[in-house]
Amino acid sequence: PKELLGKKIGTLLLSKEKNHEAEEIAKVLSDGLPVVKETQRLTKSGNLKDVVFAGKPIFVNDNKIAIYAMYLDITERKQAEREIIRLNESLEKKVEERTFELNSTLASLQETNTELSILNEAFVFESQRLLRLNDKLAVSEYNLKESLAAKDRIISIIGHDLKNPL
């Protein structure tokens, strides 16, 4: 296109914030080294687009005669990466919230378990006390039966003696 004639590529594709990046890339290429870099470049409409820049000096008889460079549009990939980051952050937040809920539930369960242990100890103590009382009651019942049997024998002897005086 005619609007590109006579213009440096940097003025067409670089935002002001990226000028230093172009200088760094130019330095590496002028040293004869290849460059591959993820960056952003301006579109014709002035919007930034995510790209991979790949550049390589071309040598003929050890003389650099040109630089081969290309841009690969990675906007969709970068959008997907940003979405993955957003989803990971959301997931981390949910994990933190769920962990907090689980820790709260665990604390509540531990408190309930402590209360149940105390109640169980009280129940065991009371059960043992009732067993001792039951044993005492059994002894008292046995003694009462023995006393009643002795009373019946005495009454029987008295009744016999009253019916059959000497």
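Surrounding CD of Glu76 are at most 12 heavy atoms belonging to other residues, nucleotides or ligands under 6.0 Å away. For His20, the NE2 atom counts as densely surrounded, since its 6.0 Å shell holds more than 12 non-hydrogen atoms of other residues, nucleotides or ligands. Heavy-atom contacts from other residues, nucleotides or ligands closer than 6.0 Å to CZ of Phe123 number 12 or fewer.
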Query raised in the report: Going through the checks in order, is the side-chain contact (heavy atoms from CB on, under 4.5 Å) test met by Val35 and Leu29?
Result: CA-CA 7 Å; Val35 175; Leu29 289 170; 4.0 Å; yes
Query raised in the report: Is there a side-chain contact (heavy atoms from CB on, under 4.5 Å) between Ile58 and Ile67 once you walk through the steps?
Result: CA-CA 6 Å; Ile58 298 174; Ile67 295 175; over 6 Å; no
Report task. Determine, step by step, whether Lys78 and Glu83 satisfy the side-chain contact (heavy atoms from CB on, under 4.5 Å) criterion, reporting the C-alpha distance in whole Å, the side-chain angles of both residues, the deciding distance to 0.1 Å, and the verdict. Result -> CA-CA 8 Å; Lys78 286 299 206 176; Glu83 180 65 10; over 6 Å; no
Query - Full working for side-chain contact (heavy atoms from CB on, under 4.5 Å) between Phe125 and Glu121 - result: CA-CA 6 Å; Phe125 177 78; Glu121 288 176 21; over 6 Å; no
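Here the CG atom belonging to Leu148 is positioned 10.5 Å from the CD atom belonging to Glu141, to the nearest 0.5 angstrom. Separating the CG atom in Leu130 from the CG atom in Leu137 is a distance of 11.5 Å, to the nearest 0.5 Å. Rounding to the nearest 0.5 Å gives a distance of 13.5 Å between CD of Glu115 and CG of Asn120. Put simply, CG on Asp50 and CD1 on Ile74 are 5.5 Å apart, with the number rounded to the nearest 0.5 Å. The OH atom of Tyr68 sits 11.0 Å away from atom NZ of Lys56, with the distance rounded to the nearest 0.5 Å. Atom-to-atom distance recorded for Lys145:NZ and Ser140:OG is 12.5 Å, nearest 0.5 angstrom.
A chain of hydrophobic side-chain contacts below 4.5 Å, direct or via other Ile, Leu, Val, Met, Phe, Trp or Tyr residues, connects Tyr71 to Ile25. Connection of Leu72 to Val36 is established within a shared hydrophobic cluster, with ILVMFWY side chains joined at heavy-atom distances below 4.5 Å, either directly or through further cluster members. Linking ILVMFWY residues whenever their side-chain heavy atoms come closer than 4.5 Å, directly or via other members, places Leu162 and Ile154 in the same cluster.
Electrostatic pairing of Glu101 and Arg98 counts as a salt bridge here, judged by a charged N lying under 4.0 Å from a carboxylate O. Ion pairing of Glu21 with Arg41 is present here, as a side-chain N (NZ or NE/NH1/NH2) and a carboxylate O approach within less than 4.0 Å. Using a 4.0 Å cut-off between charged nitrogen and carboxylate oxygen, Lys94 and Glu97 do not count as a salt-bridge pair. Between Lys27 and Glu24 there is no salt bridge, since none of the side-chain N atoms of the basic residue sits less than 4.0 Å from a carboxylate O of the acidic one. In this structure, Glu89 does not pair ionically with Lys93, as no charged nitrogen and carboxylate oxygen lie closer than 4.0 Å.
Screening Thr39, Thr43, Asp73 for a side-chain hydrogen bond (donor to acceptor under 3.5 Å, both in side chains) involving Lys49 leaves a single residue, Asp73.
Between Asn47 and Leu42, the closest side-chain pair of non-hydrogen atoms is not below 4.5 Å. Val139 has its side chain out of reach of Asp135: every pair of non-hydrogen atoms, C-beta onward, lies at least 4.5 Å apart. Here the side chains of Gln128 and Arg132 are in contact, with some heavy-atom distance below 4.5 Å.
Closest approach of Phe59 to Gly32, counting heavy atoms only: CZ-CA, 3.8 Å. For the residue pair Glu38 and Val52, the shortest heavy atom distance occurs at CG-CG2, 3.8 Å.
Ser156 places no side-chain N or O within donor-acceptor distance of the main-chain N or O of Asp152, the cut-off being under 3.5 Å. Side chain of Thr99 to backbone of Val95: a donor-acceptor contact under 3.5 angstrom is found.
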